[in-house]
Amino acid sequence: QVQLVESGGGLVQPGGSLRLSCAASGSIFSIAAMGWYRQAPGKQRELVATITNDGTINCVDSVKGRFTISRDNAKNMVYLQMNSLKPEDTAVYYCNANIRRTINGPAYAYWGQGTQVTVSS
């Protein structure tokens, strides 16, 4: 069994910062890409940023220069440092990871339960 657990969400004023963390645990052989997605009320879930196990990063234009994704492969963790937050960043943020549970098995996408980020004065 595999679990992704996010932490670090909360309420912050515009211009403030938050750091999200996500820990993957359970029966894990390897993790390829890890990433963060978000879903605002009434909108579809959208990609925020992803990072591969060799450090290649992809992120949506709206967060470039403000958000930084990083990971610790030894700890099976991924982080999202969010600076200069705006009200439009308000959403539930979900951690995602492509995980292989055995050496010859397929990789599946796993999701965390989500953490609320609210940017408001």
Side-chain angles (χ1 to χ4, degrees):
Q1 206 165 6
V2 171
Q3 269 193 319
L4 299 182
V5 179
E6 302 107 334
S7 61
L11 172 64
V12 65
Q13 292 186 339
S17 298
L18 283 174
R19 186 186 192 223
L20 305 183
S21 299
C22 173
S25 63
S27 178
I28 296 172
F29 174 75
S30 65
I31 303 177
M34 302 184 80
W36 292 93
Y37 291 71
R38 65 186 180 186
Q39 187 167 18
K43 295 188 177 180
Q44 289 189 329
R45 191 174 298 188
E46 65 170 355
L47 167 74
V48 177
T50 61
I51 182 169
T52 64
N53 54 6
D54 64 358
T56 301
I57 291 171
N58 178 46
C59 67
V60 67
D61 286 346
S62 61
V63 307
K64 285 182 179 177
R66 301 189 298 121
F67 291 10
T68 302
I69 189 170
S70 60
R71 65 188 280 176
D72 185 331
N73 291 332
K75 296 181 179 179
N76 290 337
M77 293 194 69
V78 63
Y79 307 95
L80 186 68
Q81 178 65 44
M82 304 185 294
N83 299 327
S84 302
L85 281 159
K86 303 175 181 180
E88 51 263 42
D89 295 318
T90 295
V92 178
Y93 284 70
Y94 296 91
C95 174
N96 168 271
N98 289 320
I99 296 174
R100 191 182 304 274
R101 296 182 61 187
T102 61
I103 188 170
N104 291 319
Y108 292 104
Y110 291 86
W111 293 89
Q113 80 286 354
T115 185
Q116 177 71 45
V117 171
T118 302
V119 185
S120 175
S121 55

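On a predicted model such as this, the values are computed, not experimentally measured, just so you know.
- A distance of 10.5 Å separates CZ in R66 from OG in S17, rounded to the nearest 0.5 Å.
- When hydrophobic clusters are built by joining Ile, Leu, Val, Met, Phe, Trp and Tyr residues whose side-chain heavy atoms come closer than 4.5 Å, directly or via intermediates, L85 is not grouped with L11.
- How far CG of D72 is from OH of Y79: 5.0 Å, rounded to the nearest 0.5 Å.
- Residues E6 and L20 form no side-chain contact, since every pair of their non-hydrogen atoms from C-beta on lies 4.5 Å or further apart.
- Using a 4.5 Å heavy-atom cutoff, the side chains of M82 and D89 are not in contact.
- Put simply, the side chain of Q116 reaches to within 4.5 Å of the side chain of T90, judged on heavy atoms.
- For the pair R101 and Y108, the cation-pi criterion (under 6.0 Å, within 45° of the ring axis) is not fulfilled.
- To the nearest 0.5 Å, atom SG of residue C59 and atom CG of residue L47 are 8.0 Å apart.
- Annotation: side chain of N76 is not in contact with side chain of I99 (no heavy-atom distance under 4.5 Å).
- Using bins of under 30°, 30° to 60° and over 60° for the plane-to-plane angle, the ring pair F67/Y93 lands in the tilted bin.
- In E88, the CD atom is crowded: over 12 heavy atoms of neighbouring residues, nucleotides or ligands sit closer than 6.0 Å.
- Side chains of Q81 and S70 form no contact here, defined as non-hydrogen atoms less than 4.5 Å apart.
- Minimum interatomic distance between M77 and S21 (heavy atoms only, all atoms of both residues): CE-CB, 4.1 Å.
- Residues I31 and N53 have side chains not in contact (no heavy-atom distance under 4.5 Å, counting atoms from C-beta outward).
- Summarising the geometry, atom OH belonging to Y37 is positioned 13.0 Å from atom CG belonging to L80; distances are rounded to the nearest 0.5 Å.
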Checklist entry - Are C95 and W36 close enough, and set up right, to give a side-chain contact (heavy atoms from CB on, under 4.5 Å), and what steps lead you there? => result CA-CA 5 Å; C95 174; W36 292 93; 4.0 Å; yes
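- Put simply, V119 and V92 are part of two different groups of oily side chains (I, L, V, M, F, W, Y) that touch within less than 4.5 Å, one to the next.
- The distance from the CD atom of E46 to the CD atom of Q39 is 9.5 Å, given to the nearest 0.5 Å.
- Ion pairing between K64 and D61 holds under the 4.0 Å rule for side-chain N and carboxylate O.
- C22 and L4 get closest at one heavy-atom pair: SG-CB, 4.0 Å.
- Shown here for S121 and P14, the closest heavy-atom pair between the two residues is N-CD, 3.7 Å.
- Judged by distance alone, the side chain of R71 and the main-chain N or O of T52 form a donor-acceptor pair under 3.5 Å.
- With rounding to the nearest 0.5 angstrom, the CD atom of Q3 is 10.0 Å from the CD1 atom of I28.
- Between I69 and M34 the shortest side-chain heavy-atom distance does not fall below 4.5 Å.
- Transitive grouping of hydrophobic side chains (ILVMFWY, heavy atoms separated by less than 4.5 Å) brings V48 and I57 into a common cluster.
- Counting heavy atoms from C-beta outward, N96 and R45 have side chains that stay 4.5 Å or more apart.
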